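Worksheet: one structure, shown below.
Remember, predicted model here, so these are calculated numbers, not experimental data. Numbering of ligands and ligand atoms starts at 1, following listing order.
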Amino acid sequence: MAKFYFLLCSILVLFAISEARNAPSIATINDSPSNLTKIYTKICDPQRFNDLGLDMDDFSYCDSSLSYGVRVKDLIDRMTLTEKVQQIGDTAYGVPRIGLAKYEWWSEALHGVSNVGQWNSKATFFDDIVPGATSFPCPITTTASFNQTLWKTIGQAVSNEARAMYNLGHAGLTFWSPNINVVRDPRWGRTIETPGEDPFVVGTYAANYVRGLQDVEGHESTDDPNSRPIKVAACCKHYAAYDVDSWLGVDRTSYDALVTEQDMLETFQKPFEMCVKEGDVMSVMCSYNNINGIPACADRKLLKDTLRGEWDLHGYIVSDCLDLDCGNYFTNYADKAVIQGKISEKDIDEALKNLYIVLMRLGFFDGSSKYESLGKQDVCSDENIELATQAAREGMVLLKNINGTLPLNAEEIKTIAVVGPHANATTAMIGNYAGIPCKYTSPLDGFSKYAEVKYATGCADVMCKNASLIFPAMQAAKNAHATVIVAGIDLSIEAESRDRIDLLLPGYQAQLITQVAQVAKGPVILVIMSGGGVDISFARDSDNVKGIVWAGYPGEEGGRAIADVIFGKHNPGGRLPLTWHEGSYVDMLPMTSMSLRPVDSLGYPGRTYKFFNGSTVFPFGSGLSYTTFAYSLTSADKNLNIQLNKFQHCRDLNYTDDTFKPPCPAILTSDLQCDDNNLVFEVKVSNTGTVDGSEVVMVYWVPPKGIVEGPIKQVIGFQKVFLPAGGSQKVKFQLNACKSFGLVNYRGYHLLPSGGHSIMIGDNLLSFAVGVKFQLA
Ligand SMILES: *[C@@H]1O[C@H](CO)[C@@H](O)[C@H](O)[C@H]1NC(C)=O
Ligand SMILES: *[C@@H]1O[C@H](CO)[C@@H](O)[C@H](O)[C@H]1NC(C)=O
Ligand SMILES: *[C@@H]1O[C@H](CO)[C@@H](O)[C@H](O)[C@H]1NC(C)=O
Ligand SMILES: *[C@@H]1O[C@H](CO)[C@@H](O)[C@H](O)[C@H]1NC(C)=O
Ligand SMILES: *[C@@H]1O[C@H](CO)[C@@H](O)[C@H](O)[C@H]1NC(C)=O
Ligand SMILES: *[C@@H]1O[C@H](CO)[C@@H](O)[C@H](O)[C@H]1NC(C)=O
Ligand SMILES: *[C@@H]1O[C@H](CO)[C@@H](O)[C@H](O)[C@H]1NC(C)=O
């Protein structure tokens with residue numbers, strides 16, 4: 001019944017399964033699949049209708065002088081019920097009788113055009129004509145750059161490649177990316193695909209990447225959002241409260257996430273709200289799990305009231321299958337369901353309308369003159385490969401650098417030992433939801449540009465099940481001027497359908513690091529590849545390990561970026577987008593406890609930097625540089641006095657101690673007219689060191705003392721600036737106090753508390769108070 005309930009929600013339903021299977025076929029409009037000589041890039045081509053023995057003039061849906069609404073209605077009205085239901089699976093079979101071509105909805109572009117997708121008829125594939133596409137770093141690494149322009153620029157580069165591949169019949173136009181679930185628990189296998197643990201950062205990444213993929217220059221906004229042309233359609237997934245894949249027998253397809261309204265609004269829905277409102281995304285995918293007993297894909301409040309209603313989605317909703325009968329369930333049975341009165345044909349029409357409007361906006365019917373010239377030369381272009389390298393460099397996070405050991409000096413380091421299971425990493429660097437990259441630059445390749453490399457794996461693979469290969473790695477380290485150990489994890493430890501059981505390095509990896517570091521002749525640098533955090537306290541605390549760099553999963557050019565950072569060609573400026581917890585954290589609470597706040601009754605600690613107050617390996621936001629920065633406050637609004645009228649009632653807030661409680665603790669933000677720029681301040685950032693570098697100006701809100709439900713702190717803004725040595729720059733923030741200082745209470749109200757708020761830059765590099773006062777009428 002639930003299956004049909006969500007058609008009642010008048011949403012479009014598509015099926016997806018997440019495992020890639022191989023069997024490519026031609027993607028772009030091709031009415032007789034055996035004949036690959038003729039590929040059309042649009043439906044409404046008179047020649048194409050001619051080929052089908054039809055006259056295009058007979059079909060109003062091809063009349064571009066009419067509105068999309070009228071044309072789509074014409075198209076749907078021509079279909080029989082059986083034909084209609086054939087179009088609501090991820091393979092829309094088309095209706096040759098009326099000139100409608102088949103369309104494969106499922107393509108992926110998480111960090112480059114990917115060939116992951118439908119198993120029997122892939123929309124996107126590689127072959128001799130298009131052998132590969134640029135594989136950018138995985139999102140967790142790109143996020144670490146904290147560079148919003150970069151996030152958008154990557155989206156633009158990916159959509160150029162996608163459009164070029166579409167023109168060549170090698171890709172669809174609808175991509176089910178990005179993955180914007182918040183990393184609530186450090187064990188989650190899909191951390192690699194995401195922008196980390198902070199809802200605001202995740203939402204900001206989503207909006208930028210989506211705009212990069214979707215926006216057609218000059219059409220970023222319009223009065224009629226349902227006709228705004230788009231380049232390729234993105235999809236924010238998986239809505240919502242999804243971050244358990246497979247953990248100790250708990251499976252995502254049957255998991256019932258028990259979530260409070262407070263966590264729902266503040267954490268799980270927040271990035272989706274930003275994706276829809278700020279990114280104007282074309283599609284949202286609902287998630288596998290149930291939320292408080294209701295399948296996410298059948299939750300009327302979540303889908304219809306919130307997503308379509310409150311947030312005003314202009315696009316379609318797609319289901320992720322396994323909580324449904326995947327395969328051909330709908331295309332096989334939805335017509336019978338209509339006949340039996342379980343769903344109405346009108347609802348199917350509504351779903352089709354949402355679908356075909358999207359395809360019209362993509363130019364699937366009329367073409368897109370702007371992108372028609374894109375071709376083979378635009379895929380894996382030098383420019384895009386360079387962008388992938390830059391993204392990897394910007395995503396590198398320097399976590400330790402004793403006595404300024406790094407950067408290494410290429411004049412002095414003539415031989416370098418490059419050891420560890422990832423020393424010659426290739427496929428590991430591109431993670432999951434990847435395509436075939438243009439090429440790889442492994443760490444070995446990268447370092448060999450700087451010095452003579454002595455290579456030893458130290459472990460047979462990431463699992464490192466025995467110690468037999470450690471000795472040769474020690475020998476290499478003994479004989480080199482410097483040693484780089486490239487260790488970490490890969491998809492055999494963290495992946496879709498594979499949550500982690502611990503946060504440690506697998507097998508004998510820790511022993512490898514310790515023993516190599518003990519005997520090495522020169523300085524030892526540890527490079528970690530991973531999506532989630534790894535407990536490497538032993539290396540952090542060892543005087544033998546002079547430097548630590550987190551490389552994430554840095555994409556096809558990762559090895560070049562790592563070497564460039566270690567030899568100082570690039571000064572690192574990335575920051576951790578998630579807390580690196582100690583190994584013991586996972587013993588304190590089960591993965592299935594959804595609460596972000598501590599659960600005192602069960603002794604569970606809080607989650608993410610916002611609510612966890614214990615010790616960590618490296619906190620959220622960590623990241624060093626080869627230079628130093630200083631901050632000063634140049635201007636700030638330090639008071640916000642709000643005159644209340646008689647309709648604005650004070651709301652109570654729970655305080656740890658009532659003596660902290662102001663007379664009017666809070667006001668509903670919906671009762672306040674909060675301007676977008678009612679919280680303005682400017683800081684001067686100076687590069688006080690001797691090398692050029694980039695700094696992430698990370699702005700946190702610290703709520704007034706004693707508010708029970710408030711976070712410890714929370715990111716409310718960030719900007720990245722490049723500063724030459726000795727240079728400085730003023731950085732201005734224009735925020736909205738209702739959003740930045742607002743909290744959601746346990747009853748689900750958005751409130752602005754009064755009292756002494758603080759704004760803190762970085763790890764308390766600078767902080768100042770902002771008083772919020774309500775003056776009663
Ligand atoms: C394929 O289509 C083209 C153009 O429509 C036609 O000229 C050609 O004969 C067809 N080839 C085959 C093998 O059907
Ligand atoms: C951010 O990324 C953009 C686009 O790639 C780049 O031009 C810019 O230099 C980067 N900014 C910083 C501060 O690194
Ligand atoms: C590094 O990996 C590549 C790709 O797997 C392989 O061709 C090459 O031989 C490896 N290099 C060494 C030195 O083992
Ligand atoms: C240890 O690993 C090496 C290299 O993979 C293998 O040759 C050897 O048989 C393994 N030894 C044991 C005891 O498993
Ligand atoms: C850092 O440098 C100081 C001064 O040269 C030295 O005493 C100390 O041992 C060094 N620390 C490490 C961990 O190498
Ligand atoms: C840290 O959080 C725990 C709940 O997880 C709480 O019991 C404890 O008092 C907090 N400690 C501090 C210093 O705030
Ligand atoms: C806040 O206080 C109310 C009234 O005392 C109580 O019912 C509620 O559980 C408290 N909420 C929290 C989150 O402590």
Quiz item: Which ligand 5 atoms, with their elements, are less than 4.0 angstrom from a heavy-atom of D543?
Solution: 13 (C)
Practice problem: Rounded to the nearest 0.5 Å, what's the gap from OG on S287 to CZ on F272? Could you check? | Solution: 7.5 Å
Self-check item: Nitrogen or oxygen atoms of K546 and ligand 5 under 3.5 Å apart
Solution: yes
Self-check item: Heavy-atom neighbours of K465 NZ exceed 12 at 6.0 Å
Solution: no
Quiz item: Would you say S593's side chain and L589's backbone share a donor-acceptor pair under 3.5 angstrom?
Solution: no
Quiz item: Could R651 and Y749 be counted as a cation-pi pair, given that NZ or CZ must be under 6.0 Å from the ring centre and within 45° of the axis?
Solution: yes
Exercise. Could you tell me whether some N/O pair between N613 and ligand 6 is separated by less than 3.5 angstrom?
Key: yes
Quiz item: More than 12 heavy atoms of other residues, nucleotides or ligands under 6.0 Å from NZ of K713: is that the case?
Solution: yes
Exercise. Give the protein residues with at least one non-hydrogen atom closer than 4.0 Å to an atom of ligand 4, ordered by chain and number.
Key: A460, N466, S468
Self-check item: Between F681 and F768, ring centroids under 6.0 Å
Solution: yes
Quiz item: Just how far is it from atom OG1 of T616 to atom OH of Y585, taken to the nearest 0.5 Å?
Solution: 11.5 Å
Quiz prompt | Element-labelled atoms of ligand 6 that are located less than 4.0 Å from some non-hydrogen atom of P598 | solution = 4 (C), 5 (O)
Quiz item: When the aromatic ring centroids of F567 and Y450 are compared, is their separation below 6.0 Å?
Solution: yes
Self-check item: Enumerated ligand 5 atoms positioned under 4.0 Å from heavy atoms of I402
Solution: 11 (N), 12 (C), 13 (C), 14 (O)
Quiz item: Would you find more than 12 non-hydrogen atoms of other residues, nucleotides or ligands less than 6.0 Å from D763 atom CG?
Solution: no
Exercise. Pull out every atom of ligand 6 sitting under 4.0 Å from any heavy atom of P605, numbered as shown with elements.
Key: 5 (O)
